[in-house]
Protein chains: 2
Amino acid sequence: MQRCCAPAAVRRRDREGEAGLFRTLADPHRLAILETLAAAEEHVCVCDFTAGLPLNQPTVSHHLRLLREAGLIESERRGTWVYYRLAPDARARMQAALDVVFDDLAVDETHEANTECCTVPSR
Amino acid sequence: MQRCCAPAAVRRRDREGEAGLFRTLADPHRLAILETLAAAEEHVCVCDFTAGLPLNQPTVSHHLRLLREAGLIESERRGTWVYYRLAPDARARMQAALDVVFDDLAVDETHEANTECCTVPSR
DNA sequence: GAGATTCATCGAAGAATGTCAATACAAGCC
DNA sequence: GGCTTGTATTGACATTCTTCGATGAATCTC
């Protein structure tokens, strides 16, 4: 009787934070905002997003809030206008989230002895 | 009368595909599956996921289907068991999606003349 | 063939999300 | 002060997502 596979493969670390970061990027309009901010040399006015995106103003504000709460962008008020810019570590944090998933780091911290695995056919 | 900012900042390219990829990673259990497959040397049996994740079997199957439909993982049946592995280009595709957002490439393809920008205060 | 096991699919319930109209808040101007 | 403009928040609705029980499909053993 053999196991179907290596006994304890499944990683069980909590990836809620990384999943939340990816969820923040899981909307094309938020990607457009991030892409705009990443390409902009200066801060970008909210009014540019309300004018440039096919969304109403409250929806734009909603997406900006989600990005801000995720720590990916930062805001600054200048008089009547509010300007947004990419957070300095935005890209690094997204890259780190990706690396956590695809790099085989931290080997012994997440395994669990899965002693009731299936058996393998003769094949 | 001055503009509040550079006239045509907002990117308007369709990022539905990239957003869909990020949405696929926007769940901690799917991240655990990907992380497991990335760390595994061999293919991983579905039974390992149903045993190792705090989810019922139909839910595990659902997540595997989403990952498979996104092209991030591949399946292979061996007799009764089904084995999954990371798609060869999975990481590269996620990296490309990230780069599209944060790299300032393809400068002239996405701008739109936003001629009705706000004005800037004297400051 | 019948029965058992593994995995996928279906259908439904609850939660989360995207969107917008209405409204509130903040700042500048008269 | 009141008025106007830019932005944020609230409340509601429709859609999507996560989850699970029930069921179906595929394969193996007897």
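These values consider heavy atoms only, across backbone and side chains, with no hydrogens, waters or symmetry-generated copies.
Under the 4.5 Å side-chain heavy-atom criterion for grouping Ile, Leu, Val, Met, Phe, Trp and Tyr, B/Val46 is connected to B/Leu55 within one hydrophobic cluster. In terms of hydrophobic clustering, with Ile, Leu, Val, Met, Phe, Trp and Tyr side chains grouped at heavy-atom distances under 4.5 Å, A/Val82 and A/Val44 are assigned to a common cluster. Criterion: ILVMFWY side-chain heavy atoms under 4.5 Å apart, direct or through other members. Under it, A/Phe22 and A/Phe102 are part of a common hydrophobic cluster.
Checking A/Arg68, A/Glu76, A/Glu74 one by one against A/Tyr84, the side chain to side chain donor-acceptor pair (under 3.5 Å) holds for a single residue, A/Arg68. The side chain to side chain contact (heavy atoms under 4.5 Å, CB included) test with A/Leu67 singles out one residue from A/Asp27, A/Leu72, A/Leu37, and that residue is A/Leu72.
If you take OH of B/Tyr83 and P of D/dA26, they are 19 Å apart, rounded to a whole angstrom. As a whole-Å value, the separation of A/Leu67 CG from D/dA8 C1' is 15 Å. When rounded to the nearest whole Å, the span between NE2 of A/His63 and C1' of C/dT17 equals 9 Å. Rounded to whole angstrom, the span from the CH2 atom of B/Trp81 across to the C1' atom of D/dA26 amounts to 13 Å. When the P atom of C/dA16 is taken as reference, atom CG of B/Asp27 falls 13 Å away, rounded to whole Å. Atoms CG (A/Leu66) and P (D/dA8) sit 12 Å apart, rounded to a whole Å. In this entry the distance linking NE2 of A/His29 with C1' of C/dC20 reads 13 Å, nearest Å. As rounded to whole Å, 15 Å separates atom C1' of C/dA27 from atom CD of A/Glu76.
Closest to the side chain of A/Arg77, from the set C/dA26, C/dT17, D/dG21, is C/dA26. Closest contact between the side chain of B/Leu55 and the listed nucleotides D/dT9, C/dC7, D/dC20 involves D/dC20. The side chain of A/Arg65 lies closest to D/dT10, out of D/dT7, D/dT10, C/dT6.
At the phosphate of D/dT18, OP1 or OP2 sits under 4.0 Å from a side-chain N or O atom of B/Arg30. Between A/Thr59 and C/dC20 there is a side-chain N or O to OP1 or OP2 distance below 4.0 Å. Phosphate proximity of D/dG6 to A/Tyr84: absent, as no side-chain N or O sits under 4.0 Å from OP1 or OP2. Put simply, B/Ser61 has a side-chain N or O that comes within less than 4.0 Å of OP1 or OP2 on C/dA8.
Position along DNA chain C of the nearest nucleotide to A/Asn56 versus A/Ala26 favours A/Ala26 as the more 5'-ward residue. Nucleotides of DNA chain D nearest to B/His62 and B/Gln57 differ in position, and the one nearer the 5' end is that of B/His62.
Heavy atoms of B/Phe49 sit nowhere under 4.0 angstrom from any nucleic acid atom.
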